[in-house]
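Throughout, a chain's letter reflects where its sequence line sits, starting with A, and its residues are numbered from 1.
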Number of protein chains: 2
Amino acid sequence: MMVSIKEVAKRAGVSPGTVSNVFSGKRAVKPELARRVREAASELGYEPDRAASQLRAGKARIVGVLVPDLNNPFFTSLIASLEAHARNEGFDIIVASSHGKVDEEAARLGALLAWRPAGLVVIPCTDDFVSEELLERVGIPFIVADRVPSSFAGDAVSVDNVEIGRRAAEHLIGLGHRHFVVAASTLKLQNIRERCQGIEAALMRFELDPPTLIEVGLDFDIARPQLGVFMEGPQQATAFIALTNFATLAILWSAHKSGLSIPSEVSVVGFDDFSWMQAVSPALTAIRQPVEAMGQAIWKQLSARIGGASHGPMRTKLICDLVVRGSTAPPPGDNSGKPRVRVPAGRA
Amino acid sequence: MMVSIKEVAKRAGVSPGTVSNVFSGKRAVKPELARRVREAASELGYEPDRAASQLRAGKARIVGVLVPDLNNPFFTSLIASLEAHARNEGFDIIVASSHGKVDEEAARLGALLAWRPAGLVVIPCTDDFVSEELLERVGIPFIVADRVPSSFAGDAVSVDNVEIGRRAAEHLIGLGHRHFVVAASTLKLQNIRERCQGIEAALMRFELDPPTLIEVGLDFDIARPQLGVFMEGPQQATAFIALTNFATLAILWSAHKSGLSIPSEVSVVGFDDFSWMQAVSPALTAIRQPVEAMGQAIWKQLSARIGGASHGPMRTKLICDLVVRGSTAPPPGDNSGKPRVRVPAGRA
DNA sequence: GTGAAAGCGCTAACAA
DNA sequence: TTGTTAGCGCTTTCAC
């Protein structure tokens, strides 16, 4: 079926080693021979077998990517970015999903390792990151991305989560909001909690009450009653911040169900800047994670390690933008349009 | 670094062949020996090398997936579904993006083939599907998904595009709409044109004017002026149907810019039922492609071929749902709330 | 039921 | 610069 290096060699009248050299470019080959080899190869439809090549050479041109969920556009965008960078350097990527479960994470990691990849990119499904030990032992370079547990001291790429939270909160404080609800799919992840910390710190600095933190899960029907309490009745809040992309949907859906109008009755800050957010009405003010830059940083670090870099941990922390659009406005009753609370001097 | 079968064999006091048999289960091994082997393997952290295994055995447990764009959630959801099914049978998947370009498609296909995968899933980037010949020649099983050119006669999984179009159009006709605009990122793809045909056929059956077809591209700023013409001024339409997920955004964004209210002034049918569509206000009436069922059908077919099925082409055409929500309503001036046009007897 | 040995397609040493 | 050869880790005969 698939043609091997030997047949190409025979047809071109050279040795297999020479064919190998033509394709790998590792050793110089006389132009005339090289031409004949290429010709023979294309006539036969030859494509070098990477599995065999990697077995013999001991070095792989494949990297594994393990994410918690392939249905989450943030993760898949990251994969898209990674794929582009990897391909530029001749690497292929093999993907696996842990489906958010620790045991599947371990199992999928094993499967990925079975390909003896040159490196791995892992977005852990919990802060435990039980697979760290396994990865360290195996000795394959790996980058932990997005969800970087505080206990982890190796190579990592993430965003500055505290800063994200601070910015979102200050934007809303500046508009005059005083009653905050913060929603996230889960509060068990370190990166999410850091975002909360940023928000809490900002509110504290302005001497406002701490925000209400809500874990909305991943189901509209579970999220709804929890959010509804703060959209109707006495505990009503005016500012809602989502800390995950699902939480964004939960907040919007719940506001819709409660018949609340955005932004005149409640302001909403979404998470992850997907293209639908600018298309809908009102367009969503949102926290934009620099997905492309993250993919690039991950690849840069991984690539360096694959190339043999052996110095201490490489850590990248990227800054997110707050994209202000139509879903945030002064709270009802504040007609001035101007900030109700002054930002103390020395801070933006 | 990574431990090999030999070391496990030595530690367990057996031959490499026996270790292989324990892991593959192909030949019976005495329980006592098997236990010792497993023990030794886990102590050493052994994981069989799949590249080596595939090289020797000549059969791969990896499938390649080639899509036009890893940033399109429809494609990535399909990958998610595929990944789940493949993993259940012990297959890993390697992904590549053609970035919508024919030459990249060919190049990425070559790279995928270089892993000697057991099978391939391809979503072509154009109707030419120039790679078909290459794939046929190589003889590796492959399934063409989603975009199935009329010229292609092999295994394929797609949706019934004509039916999609018909349903969307009839829904709007039933509400009383008479002036239709149909938007798609491109009209060059067969599947998109089939959707148009379904719409046109429905309008013709009700003796309405044919719809205006608009190619919106993949950029808001290019889409906007084209759609704007039909949202403002004399050529105004009341019914907008998106035939791609980007077109959905373009229509919403453009309606927003034109200050049109949905659904009181214009009705919108979106494409692909993503979760944000039910969260926004108004919730979007949308054409839902059965992504999970598609992934399952693709895997079922591919799996059969990998297993050696050699009968004629396997073709699956799945039916889409029209999910009716708040973005479609009778056109302005139609206060009855009842259909303006009667559906002829004998048809739903 | 198990071991010994050959060989999958390729590349790296070594010769020439 | 090129050919020859050994062997990567595994599976699969073929003996026993």
Side-chain angles (χ1 to χ4, degrees), chain A residues 1-38 40-41 44-62 90 110-111 113-118 138 140, chain B residues 1-38 40-41 44-62 90 110-111 113-118 138 140:
Chain A
M1 216 87 80
M2 290 254 47
V3 23
S4 87
I5 204 169
K6 279 189 195 162
E7 306 169 55
V8 177
K10 193 176 295 176
R11 191 182 239 271
V14 297
S15 75
T18 301
V19 177
S20 171
N21 288 330
V22 169
F23 282 96
S24 70
K26 294 216 167 177
R27 301 174 89 79
V29 176
K30 261 207 195 120
E32 163 58 11
L33 279 195
R35 197 192 53 72
R36 266 175 28 214
V37 167
R38 283 185 208 288
L44 264 32
Y46 170 73
E47 182 85 40
D49 182 326
R50 298 187 80 151
S53 156
Q54 132 166 11
L55 177 60
R56 175 61 241 240
K59 51 179 77 173
R61 292 207 140 252
I62 189 163
L113 253 15
W115 289 101
R116 308 292 188 261
V138 171
I140 286 178
Chain B
M1 216 87 81
M2 289 253 48
V3 25
S4 85
I5 204 170
K6 278 187 197 164
E7 306 168 57
V8 178
K10 191 177 294 177
R11 193 183 238 273
V14 297
S15 76
T18 301
V19 177
S20 172
N21 288 330
V22 169
F23 282 96
S24 70
K26 294 215 169 177
R27 302 174 86 79
V29 175
K30 261 204 195 123
E32 163 58 10
L33 279 196
R35 196 191 54 71
R36 263 170 37 208
V37 167
R38 283 186 208 288
L44 295 169
Y46 170 72
E47 182 86 38
D49 182 325
R50 298 188 81 150
S53 154
Q54 133 167 11
L55 176 60
R56 177 60 240 242
K59 51 179 79 173
R61 292 205 139 256
I62 187 164
L113 254 15
W115 290 100
R116 307 292 187 262
V138 171
I140 285 178

Donor-acceptor under 3.5 Å (B/Arg36 side chain, B/Ala12 main chain): yes

Base versus backbone protein contacts along nucleotides 8-16 of chain C [heavy-atom cut-off under 4.0 Å; B, S, -]: BBBBS----

A/Leu44 vs A/Arg11, side chain to side chain contact (heavy atoms under 4.5 Å, CB included): CA-CA, chis, key distance, verdict: CA-CA 9 Å; A/Leu44 264 32; A/Arg11 191 182 239 271; 3.0 Å; yes

Among B/Val8, B/Val29, B/Val37, B/Ile5, the one residue meeting side-chain contact (heavy atoms from CB on, under 4.5 Å) with B/Ser20: B/Ile5

Nucleotide D/dG3, atom P - distance to NZ of A/Lys30 in whole Å: 10 Å

B/Glu32 CD - C/dT2 P separation (whole Å): 10 Å

Separation of atom CZ in A/Arg35 from atom P in D/dT1, rounded to whole Å: 18 Å

A/Arg56: partners by side-chain contact (heavy atoms from CB on, under 4.5 Å), with sequence neighbours left out: none

Ion pair B/Arg35/B/Glu32, N-O distance below 4.0 Å: yes

